[in-house]
Number of protein chains: 2
Amino acid sequence: MSRRGWQEVQDELIGRINDGAWPPGTLLPAETALAVELGVARTTVNRALRGLAESGLVDRKRKAGTVVAEHPPARAVLTIPVIRKEVEGQGKTWRHHLLLREAAPAPAPISARLHLPARAPMLHLVALHLADKRPFLLEDRWLNLAALPEAEDVDFHATSPNEWLLAHVPYTTGDLSISAEPAGEDTADLLAAPEGAALLTLDRATWNDGRAITAVRLTYAPGYKMRAAL
Amino acid sequence: MSRRGWQEVQDELIGRINDGAWPPGTLLPAETALAVELGVARTTVNRALRGLAESGLVDRKRKAGTVVAEHPPARAVLTIPVIRKEVEGQGKTWRHHLLLREAAPAPAPISARLHLPARAPMLHLVALHLADKRPFLLEDRWLNLAALPEAEDVDFHATSPNEWLLAHVPYTTGDLSISAEPAGEDTADLLAAPEGAALLTLDRATWNDGRAITAVRLTYAPGYKMRAAL
DNA sequence: CAGAAGAATATGTGCATACATAATCATGGG
DNA sequence: CCCATGATTATGTATGCACATATTCTTCTG
């Protein structure tokens, strides 16, 4: 029945879950048993099950075995590209204006979010990104100078903060919060939106190897949609 | 230097990318070479590299080799739980009201989004979800009756459409679009928000094994923030 | 009978090997 | 010189084996 690969095995298992043969809560056979039944090596079954566990369809615990999840959460992978790439991907011309560049101690909400001591020395950058000369998004960023002293000497007119960071600290972890916010007076003005307009807003904090790097708020112009694959 | 496992190998590789030893665009050594250098089996290097490829840090192609990505996009994993679970996770009481239940042909935008013929027979459901008796989110759903004829006989007063679907078709694929929308008159009323308020809105289309299942729009009450891990 | 010590077991991972597959690269014919 | 074709090569994956590790289950002891 099997012949080809772990994908085939995975499809078979998904099928059994979806058609009700293994309803939520079912303890399913051990890897070794499945391997024998499907005529493949245990490694192959393991690969298939690992995938299902990653996507949340099953829960696995050593010795306890593999159980079909009761409430499999939907997982969507958001891909947040470099801003320039995103604009150019729409066939538009990208530009950016640096509106503010100021070394300043971190205000309380920022230092708290990054788990830094109050008033840690930071670089505050505000940049407006344009697509075909129309406002696209506002980048309001606080950069931790202790982690990135080089930033002090960078010309952010030439390279956007967004892009400079990615080139310098490509691999980061962090968290993200997505919300809809009404446009404040200044923001409305910069994004050419009516005051109070609904704006998609991303708040992001970034660490690298345990060191706080940056906190940023991205405010998109009205009408922007973020897409993700499930 | 190595000793334990693919994670250690992965950390080592991430380190070399992050500290500039392998800048973006670099073609890195073949798996076999890395395996020898790090004193592990190729399988282990492969595991580490596969992880990096999944998170977008490197691009891999057969024969061509592994290249450090030029613009590693940030990837965030959004976990969208069952609505009831989410509300209860905040320590609040969940309830829902079914506001509309109507069999009707799909309007054009819905059938287009699901790649179905125009006016395909569907079930239109609107439900308001409450957290501690306060409006939490509005669920506006179109269900493909051809794929799920059982839905015709379900009492959606007892089980929310959201939850019924998850129990019936646990594993689905689809796409998701996230935006900020101003509250329309009806929506504002139902969510107890001022008209024009900024509301986080999710639009989702769902397939199972190539068959269109449902299209849904979730409109959250003001102030809602969606969180994700990077 | 409670609680600690130990056996049993399912998953997690590493390794060596083999073959599959997709690109690329080199080669030779027109 | 161009292009088709086949050789080369890096990744992709399967397999059998071994051992690690986290739990659970069992049993022994006070």
Side-chain angles (χ1 to χ4, degrees), chain A residues 1-17 21-70 72 77 171, chain B residues 1-17 21-70 72 77 171:
Chain A
M1 95 98 70
S2 63
R3 225 43 309 148
R4 312 203 193 318
W6 65 270
Q7 293 245 18
E8 194 125 333
V9 171
Q10 196 174 66
D11 288 346
E12 171 66 23
L13 300 177
I14 289 173
R16 295 191 189 181
I17 291 172
W22 289 338
T26 306
L27 173 68
L28 46 90
E31 292 183 349
T32 48
L34 284 172
V36 172
E37 189 205 331
L38 301 174
V40 296
R42 181 169 82 91
T43 320
T44 307
V45 175
N46 182 282
R47 182 84 166 81
L49 284 172
R50 201 198 319 143
L52 295 183
E54 271 167 23
S55 62
L57 232 207
V58 301
D59 295 320
R60 317 192 75 195
K61 254 188 357 201
R62 291 194 171 164
K63 162 76 182 174
T66 304
V67 175
V68 181
E70 293 284 350
V77 179
Y171 196 83
Chain B
M1 91 103 70
S2 63
R3 221 50 304 149
R4 315 216 182 311
W6 63 270
Q7 294 245 17
E8 193 124 337
V9 171
Q10 197 175 64
D11 289 346
E12 170 66 23
L13 300 177
I14 290 173
R16 294 190 189 180
I17 292 173
W22 289 337
T26 306
L27 173 69
L28 43 91
E31 291 183 350
T32 49
L34 285 171
V36 172
E37 190 205 330
L38 301 174
V40 296
R42 181 169 83 91
T43 320
T44 307
V45 175
N46 181 281
R47 183 86 163 79
L49 283 172
R50 202 198 319 142
L52 294 183
E54 271 167 23
S55 62
L57 232 207
V58 301
D59 295 321
R60 318 192 73 192
K61 255 184 1 197
R62 291 195 170 161
K63 163 75 183 176
T66 304
V67 176
V68 180
E70 292 284 351
V77 179
Y171 196 84

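In what follows, chains are A, B, ... by sequence order, proteins preceding strands, each numbered from 1.
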Is there a side-chain contact between [X] and [Y] (heavy atoms, below 4.5 Å)?
{"X": "A/Thr26", "Y": "A/Val67", "value": "no"}
{"X": "A/Val68", "Y": "A/Leu28", "value": "yes"}
{"X": "B/Leu57", "Y": "B/Ile17", "value": "yes"}
{"X": "A/Leu49", "Y": "A/Leu13", "value": "yes"}

Considering only nitrogen or oxygen atoms on both sides, find all protein atoms under 3.5 Å from nucleotides 21-25 of chain C and state each distance.
unit_1	atom_1	unit_2	atom_2	d
C/dT21	O4'	B/Arg62	NH1	2.9
C/dT21	O3'	B/Arg62	NH1	3.2
C/dT21	O2	B/Arg62	NH1	3.4

- Message: Does C/dT11 have its OP1 or OP2 closer than 4.0 Å to a side-chain nitrogen or oxygen of A/Thr66?
- Response: yes
- B/Arg60 vs D/dA10: side-chain N/O to OP1/OP2 distance below 4.0 Å: no
- Determine the minimum heavy-atom distance between B/Ala21 and B/Pro23, stating which atoms define it. O-CD, 3.4 Å
- Shortest non-hydrogen contact between A/Ala35 and A/Ala41, atoms and distance: CB-C, 3.9 Å
- Query: Got a salt bridge between A/Arg47 and A/Glu54, using NZ or NE/NH1/NH2 to carboxylate O under 4.0 Å?
  - Reply: no
- Charged N-O contact under 4.0 Å between B/Glu31 and B/Arg60: yes
- Query: Is there a donor N/O on one and an acceptor N/O on the other, under 3.5 Å, for the side chain of A/Arg42 and the base of C/dG12?
  - Reply: yes
- Task: Between D/dG16, C/dT17, C/dG12, spot the one nearest the side chain of A/Glu31, thanks.
- Result: C/dG12
- Query: Using a cut-off of 4.0 Å on non-hydrogen atoms, how would the nucleic acid contact of A/Thr44 be classed: base, sugar-phosphate, or nothing?
  - Reply: sugar-phosphate
- Query: With sugar-phosphate meaning primed atoms plus P, OP1 and OP2, does A/Thr32 contact a base, only sugar-phosphate, or nothing at under 4.0 Å between heavy atoms?
  - Reply: nothing
- Within residues 45-56 of chain A, those residues having any heavy atom closer than 4.0 Å to DNA chain C are A/Asn46
- Message: Evaluate B/Thr66 against B/Leu27 for side-chain contact (heavy atoms from CB on, under 4.5 Å), listing each step before the verdict.
- Response: CA-CA 6 Å; B/Thr66 304; B/Leu27 173 69; 5.7 Å; no
- Item | Positions of residues 22-29 of chain A (non-hydrogen atom under 4.0 Å from DNA chain D), listed by number | none
- Message: When you compare the side chains of B/Thr32 and B/Arg42, does any donor N or O come within less than 3.5 Å of an acceptor on the partner?
- Response: no
- Message: Walk me through whether A/Asn46 and A/Trp6 qualify under side-chain contact (heavy atoms from CB on, under 4.5 Å).
- Response: CA-CA 9 Å; A/Asn46 182 282; A/Trp6 65 270; over 6 Å; no
